[in-house]
Amino acid sequence: MPDTSFVRREMLAPQKPPAGQSGAVKWLRENLFSSPFNTILTIVGLWAVYSLVSGAAPWLLNGMWSPSSVDECREVLTNTLGEGATGACWGVVRTRWHQFMFGFYDQSAYWRPLLAFALLFVSLAPVLYFGLRSPSLMMVGGAGALLVLALWGVGTDSWHLALAFGVMVALAALAWVAPKRLLWVTLAFPATAYYLLWGGPVWGPIGVMVGFGVAYFVWHAAQVKIGVTPAAALGIALALVWWLMLQGKVTAVLAMAVPIELPAQSPDKFGGFLLSFIIGVSAISASLPLGILLALGRRSDMLLIKTLSVGFIEFVRGVPLITMLFTASLLLQYFLPPQTNFDLILRVIILVSLFASAYIAEVIRGGMASLPRGQQEAADALGLDYWQAQRLIIMPQALKVSIPGIVSSFISLFKDTTLVALVGLADPLVGITRIVRSDIYWKAAYWEPFVFVGAIFFIFCFSMSRYSMYLENKLKTDHR
Amino acid sequence: MAKTAQMHVTDEVAIQITAMNKWYGQFHVLRDINMTVNRGERIVVCGPSGSGKSTLIRCINRLEEHQSGQIIVDGTELTSDLKNIDKVRSEVGMVFQHFNLFPHLTILENLTLAPIWVRKVPKREAVDTAMYFLEKVKIPEQASKYPGQLSGGQQQRVAIARSLCMRPRIMLFDEPTSALDPEMIKEVLDTMIELAEDGMTMICVTHEMGFAQAVANRVVFMDQGQIVEQNEPKEFFANPKSDRTKLFLSQILGH
């Protein structure tokens, strides 16, 4: 007969959990040698690691920077280490690093891409760190310090060195006083970077930005009267009128009256990581908003918008990126108005952005689908309109869920920029490496350029992935 | 108790539903609903699951669309006109079974969001209002936490406060206590009783018959998408007229 009656007289006080059982031997036994099969796997794994390391280590450890040709490098290796010794000839990176970085950009103008690169980090700071003071300041300060070092390293004249130094100090001060104001730098960055990189009269890029300004202010002023969507359409229409009909005349007059300009750089001089960054950064920043709009479009109740979005996404995802690149290089020019003279890089940026936006749209749609229906209902019940609900309730949550997917799309987009080699652009991996190896002295340098380029890609892709982890952690509000 | 039941009801019509029908595809979910709610009335809607009671109150702020008949809320007819829908929604507060708080915003932000964006209230004023209602639901100390850190009962009280911040003239409750542990039901019901005593017009879908007896001035019983019986609570519970009502009451009050 079980005793069914029980009464507790005293409540138990909470106690500490038992001390963790630790120790190297215990860890080894549990993780590496827990069964005969696992023991075999461990041994095979160790052997694989050993053979990889023993193959690569001498090559890396014997690496030499000073010899300025592969033959010289081999000779030194044989003399010092004996016949058959292997070693990396990093001399190829030392003598040709500027081509890996800048392609055939004018050496005297290296300060321009370097300043643009530093400004990129300045304009990323308020976006990546939401205007928090200390990380923003660290990012701006770090970019400034690196910029000055790099400018000094490439031998920039003192006037441009002082200019860059002054700009970065001013921006660091801004980051200290009002980190959120850095967003103005972000807004001005596309035009600034274009002006610095491509050169020419300053009025062209300013004119393009004025178009965006027109679109924004028309939208802002008209949305109260005619509603958000018609106002946006009106704004875009007026901006198009400006861009296609007025801008050219106005900027021509201004360029005559106030001739501020940098020496123009021909687009075929762009190459190396400069090119990868231009394409990667532009396509990343264009594809996210486009992807959001496409995801919203695909979930829209309006049949036309839904059909167009679905059609676009499915078409783009069904076509290889290389096809898009060939479209950019061969076909796109036919679809643009006759006078527009878009250089190949801009056309490639447009097509890569469209390509990436289709993938981003699907990732974000997945994030939106993961939200409970009640979120939309609660927003509706409170009287929020469609755009308010999307912006304040749905997107913040959907984007948060989609961060890992979005960042992997960005990473693969950034690496895919090397495919532009296929349309004749000098990307760092194939284009520049091929050019470098056509030099008789570096003909036999096979691994070194790839290892170098791979390492730089790794640094940036790994940073993106770490940032996404930081962001996920920061946005976590469930506290579980 | 009896006092609350008589209080506040006026002759002014708040909601007028006439010959309303709704279908989900082929399924006729609401059939010929006729109902008038006067300002200050506190109505409890009950009935077996699938009887259409949630659908009915979700039609009142157009979370669900009706296909025929007429719904007039505060003089505004609900049609596909978005302006009317937004107007009605900003006058009608709703509390959901699963709270539907916004998990990415703090409690205070949950409360101030709609007043700031929909009513265009200045931020400081919105915060003051939010704190006033958080005091009222007795959790002002949770203002800076996130919904995920609160208990179910607290979350539901926040949800009620969030609706009240829009200063609605009508409140809809869609099974507000069904997802709560028994210990937390009381704190939510207390908040709702207080609200009733302040004269709020309320329609409440619930199985809490004690609440119905305490504050409702009318109980509506629905089955198979139609209103089967309605009466004042005393009469409804003591003398149900239809067999369907008797069966339902015997099932929920049986033990």
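Computed over heavy atoms, backbone and side chain alike; hydrogens, waters and symmetry mates excluded.
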Nearest non-hydrogen partners of [X] and [Y], listed with the distance:
| X | Y | result |
| --- | --- | --- |
| B:Val118 | A:Gln388 | CG2-OE1, 4.1 Å |
| A:Ala379 | B:Phe102 | N-CZ, 4.0 Å |
| B:Ala114 | A:Leu382 | CB-CB, 3.9 Å |
| B:Arg89 | A:Gly383 | CB-CA, 4.0 Å |

Check the surroundings of atom [atom1] in [X]: do more than 12 heavy atoms from other residues, nucleotides or ligands lie under 6.0 Å from it?
| X | atom1 | result |
| --- | --- | --- |
| A:Tyr470 | OH | yes |
| A:Phe217 | CZ | no |
| A:Arg133 | CZ | yes |
| A:Trp176 | CH2 | no |
| A:Phe212 | CZ | no |
| B:Glu183 | CD | no |
| B:Met184 | CE | yes |
| A:Met302 | CE | no |

Side chain to side chain, A:Asp385 and B:Leu82, heavy atoms closer than 4.5 Å: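 Contact flag for A:Asp385/B:Leu82 side chains = no.
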Which atoms of [X] approach chain A - backbone, side chain, both or neither, heavy atom under 4.5 Å:
| X | value |
| --- | --- |
| B:Arg162 | both |
| B:Val92 | backbone |
| B:Phe96 | side chain |
| B:Leu101 | backbone |

Pairwise distance CZ(A:Arg373) to CG(B:Asn100) - rounded to 0.5 angstrom: 10.0 Å
A:Gln397 CD to B:Leu105 CG distance, which is reported to the nearest 0.5 Å: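 Here the rounded value is 7.5 Å.
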Part of A:Gln375 lying under 4.5 Å from any heavy atom of chain B: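 Both backbone and side chain.
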Check: A:Ala381 main-chain N/O paired with B:Asn61 side-chain donor or acceptor under 3.5 Å: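 It does not hold such a pair.
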Donor-acceptor under 3.5 Å (B:His104 side chain, A:Leu392 main chain): yes
